[in-house]
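For reference, the structure discussed in these notes is given below.
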Amino acid sequence: MIFDLNDTFNKELPADINQENSRRQVYNACYSFVTPKQTSNPTLIHFSNDFIREVGITKEDAQTEEFLKVFSGNKVLENTHPYSMCYGGHQFGHWAGQLGDGRAINLFEIDHNDKHWTFQLKGAGETPYSRTADGLAVLRSSIREHLCSEAMHYLGVPTTRSLSLSLTGDQVMRDIMYNGKAAYEKGAVVCRVAPSFIRFGNFEIFAARQDGETLKKLADYTIKHFYSNITSEGKQKYLDFLTEVLNKTIEMIVHWQRVGFVHGVMNTDNLSILGLTIDYGPYGWLEGFDYDWTPNTTDAQNKRYRFGNQSYIAMWNLYKLANALYPLIEEVEPLQAILNEYEAIYLKKYEAVMKQKLGLETESDYASLISGIEKTLQLIETDYTIFFRNLSSVTKNDTPASAILKISDAFYNLEELQKESKKEWLYWFAEYIETIQSLNSTDEERASQMNNINPKYVLRNYMAQLAIENAEKGKYDLIDELYQLLKKPYDEQPHYEKWFAKRPEWARHKVGCSMLSCSS
């Protein structure tokens with residue numbers, strides 16, 4: 001493999017002067033040099049065959065011993081200097097101090113086809129930021145991250161990518177539900193890739209420590225390499241930076257809401273400064289539509305990171321980023337003015353997406369129809385993905401009763417559609433049919449547009465769990481089947497029709513399907 005190496009982060013920003021890989025507080029540095037842990041018997045079990053080409057790797061390269069060694073952490077490429085990043089963060093609303101890459105190691109950066117990529121291993125061993133953890137990852141969580149990163153990309157959601165998934169040959173002790181029942185699991189390493197893995201927390205740590213010099217270096221570096229469209233100088237440069245990050249974050253959140261994705265742990269150290277979905281832990285997709293649903297057992301009581309709260313948490317996190325940037329600006333008013341724009345921008349983008357999901361004209365006002373479906377969907381348990389996908393089959397000639405029949409597969413228990421709930425559904429469909437009758441587009445045109453924005457296939461937790469259980473038995477074919485399926489989430493794919501289905505009843509309360517911890 002030959003790469004056009006172009007390391008910037010570990011050349012342009014200050015390094016930890018302590019070369020020892022010991023768990024400690026790291027000051028006045030953006031990163032620490034770290035060497036990945038050698039594993040006993042690395043085995044490549046899957047790679048993203050489309051994405052490897054995007055970063056200049058051939059299919060033949062991916063099948064070599066060198067590929068396996070480099071992307072499982074068993075070989076460091078010549079002239080590269082792996083490192084882990086220093087950052088802090090607010091976790092569940094509370095300042096946690098220094099966090100950092102506890103189980104992530106950045107290998108190198110490359111340029112390819114006018115794009116810049118950073119390669120990072122997750123689960124490759126201890127770093128100075130590992131605290132009390134081992135820096136390793138298990139097969140179950142690695143499969144979830146590998147598949148979901150790629151699924152999100154093909155859904156059109158801004159995300160980090162996953163290049164490869166490898167077994168280490170080592171056993172890793174984990175307490176999956178934090179209930180004192182720890183057990184050994186298969187160790188694994190994911191190679192994830194993004195232009196950069198800088199997070200909100202990278203800025204927070206230096207502001208919290210009043211290290212204005214390193215904060216400025218990091219901000220200038222980030223703007224130079226990833227927001228080069230910003231040409232202003234002085235304080236305005238950092239205000240424009242905040243504006244750009246705000247807009248990218250809103251774009252990401254709107255996409256999450258569009259496809260029914262719930263991140264599960266939106267701490268400030270889990271929000272990318274580039275507006276990419278990052279850190280796939282206890283995530284999930286809506287099964288029954290529920291604003292209060294969270295996949296994270298740690299968040300089960302307060303539901304801070306529930307589906308309906310994601311846009312507000314993003315805004316809260318942006319306030320924390322603004323606080324971190326304050327030392328570079330030293331004025332509250334212009335920062336507040338930018339943050340004050342958040343809600344209006346988000347609501348406008350969210351409304352536009354909802355119009356698209358419903359097949360409506362973007363320039364008209366359909367507020368009552370949008371708010372109506374959000375309420376109606378919650379009357380009985382209704383599958384979010386199936387409802388919106390099947391809605392495209394409703395035509396101008398339908399009656400409310402025939403329209404309900406067309407989307408009835410989305411109901412988990414059709415018998416619950418009685419009296420008041422059925423009355424509300426009939427009322428909404430009457431308004432919806434009357435609305436689409438007034439549109440200039442044909443039924444076919446509207447259906448095509450809707451099916452390009454409402455996916456037919458998403459990575460439901462039970463699907464990932466089936467792949468995990470197979471993989472734990474040494475069978476990896478289902479990983480690739482799901483990967484191939486999720487590369488075309490908007491296509492019909494009749495040979496994969498079995499995956500266009502509601503969550504099975506056995507998965508309703510199963511660990512890994514409905515309940516996931518931060519170790520997931």
Side-chain angles (χ1 to χ4, degrees), residues 91-93 141 144 147-148 151-152 155 157 176-178 252-267 270-271 277 279-317 346 350 353-354 357 370-389 391 407 409-413 416-417 421 424 454-455 457-465 500-520:
Q91 297 193 323
F92 297 95
S141 61
R144 286 173 53 79
L147 285 176
C148 196
M152 292 285 270
L155 282 166
V157 181
I176 183 172
M177 295 304 295
Y178 303 138
M252 176 186 72
I253 297 296
V254 168
H255 276 294
W256 288 3
Q257 303 298 96
R258 172 177 67 84
V259 299
F261 175 79
V262 188
H263 185 279
V265 59
M266 289 178 65
N267 297 329
N270 291 339
L271 247 67
T277 313
D279 288 338
Y280 290 94
Y283 66 80
W285 263 272
L286 289 182
E287 304 284 358
F289 181 81
D290 182 359
Y291 278 121
D292 287 336
W293 185 71
T294 174
N296 190 348
T297 55
T298 311
D299 198 28
Q301 182 174 357
N302 296 320
K303 300 191 176 188
R304 176 180 175 84
Y305 298 140
R306 64 192 182 273
F307 176 71
N309 211 34
Q310 291 188 131
S311 65
Y312 299 104
I313 292 298
M315 181 170 65
W316 191 93
N317 288 348
Y346 171 77
Y350 174 75
V353 160
M354 288 303 296
K357 287 181 73 65
I370 293 170
S371 62
I373 192 55
E374 291 171 338
K375 293 174 183 176
T376 307
L377 280 169
Q378 298 178 77
L379 294 175
I380 66 172
E381 191 176 17
T382 309
D383 190 276
Y384 186 81
T385 302
I386 294 175
F387 168 76
F388 276 106
R389 185 68 181 195
L391 185 63
I407 60 94
D409 283 348
F411 298 134
Y412 276 81
N413 185 351
E416 292 181 359
L417 191 65
S421 61
E424 291 297 322
N454 294 318
Y457 303 103
V458 296
L459 183 64
R460 297 171 184 268
N461 275 340
Y462 86 88
M463 296 162 63
Q465 185 61 27
F500 183 56
K502 298 185 288 288
R503 173 199 57 222
E505 194 59 31
W506 59 260
R508 182 178 290 274
H509 301 297
K510 182 180 174 66
V511 173
C513 298
S514 61
M515 299 174 287
L516 296 129
S517 71
C518 288
S519 77
S520 300

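Computed from a predicted structure; not experimentally measured. When reading the values below, keep in mind they use all heavy atoms of this one structure, side chains included, and skip hydrogens, waters and symmetry mates.
Closest of all the heavy-atom pairs between T277 and M152 is OG1-CE, 3.8 Å. In terms of heavy-atom proximity, G264 sits nearest to N296 at O-ND2, 2.9 Å. Between P455 and L155, the closest heavy-atom pair is CB-CD2, 3.5 Å. Counting all heavy atoms, side chain and backbone alike, Y412 lies closest to R508 at CD2-NH2, 4.0 Å. Here the shortest heavy-atom pairing between G284 and P295 reads N-CG, 3.8 Å.
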- [ ] Under the side chain to side chain contact (heavy atoms under 4.5 Å, CB included) rule, what do I370 and E374 come out as? Steps first, then yes or no, please.
- [x] CA-CA 6 Å; I370 293 170; E374 291 171 338; 3.9 Å; yes
TODO: Assess whether side chain to side chain contact (heavy atoms under 4.5 Å, CB included) is satisfied between R258 and V157, documenting all intermediate values.
DONE: CA-CA 9 Å; R258 172 177 67 84; V157 181; 4.2 Å; yes
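No side-chain heavy atom of F289 sits less than 4.5 Å from a side-chain heavy atom of I373. In this structure, the side chains of M266 and W316 stay at 4.5 Å or more apart for every pair of heavy atoms. Y462 has its side chain out of reach of K502: every pair of non-hydrogen atoms, C-beta onward, lies at least 4.5 Å apart.
Scored by the ring-ring contact (aromatic ring centres under 6.0 Å, His included) test, W256 finds F261, H263 as partners (sequence neighbours excluded). Under the ring-ring contact (aromatic ring centres under 6.0 Å, His included) criterion, Y305 pairs with F92, not counting sequence neighbours. For the ring-ring contact (aromatic ring centres under 6.0 Å, His included) test, no residue two or more places apart in sequence or in another chain qualifies with Y457. R503 is linked by a salt bridge (Lys or Arg N to Asp or Glu O under 4.0 Å) to E381, counting only residues two or more places apart in sequence or in another chain. The side-chain contact (heavy atoms from CB on, under 4.5 Å) search around E416 returns I380, N413, not counting sequence neighbours.
In this structure a side-chain-to-backbone donor-acceptor pair under 3.5 Å is missing from D279 to N270. Judged by distance alone, the side chain of T297 and the main-chain N or O of L516 form a donor-acceptor pair under 3.5 Å. No donor-acceptor pair closer than 3.5 Å links the side chain of K357 to the backbone N or O of N454. No donor-acceptor pair under 3.5 Å is formed between the side chain of W293 and the backbone N or O of F307. Here the side chain of D383 pairs no donor or acceptor atom with the backbone of A410 at under 3.5 angstrom.
For the atom pair T382 OG1 and I407 CD1, the distance stands at 7.0 Å (nearest 0.5 Å). Rounding to the nearest 0.5 angstrom, the gap separating the CD1 atom in I386 from the CZ atom in F411 is 11.5 Å. Between E424 atom CD and L377 atom CG the span is 12.5 Å, to the nearest 0.5 Å. For the atom pair CZ of R460 and OG1 of T385, the computed distance is 5.0 Å after rounding to the nearest 0.5 Å. For the atom pair L147 CG and Y280 OH, the distance stands at 11.5 Å (nearest 0.5 Å).
Annotation: cation-pi pair R144/Y283 present, NZ/CZ under 6.0 Å from the ring centroid and within 45° of its normal.
For residues 293-311, the pairs satisfying salt bridge (charged side-chain N to carboxylate O under 4.0 Å, His left out) are D292-R306, with sequence neighbours left out.
Below 30°, between 30° and 60°, or above 60°: for Y350 and Y346 the angle between ring planes is below 30°, a parallel geometry.
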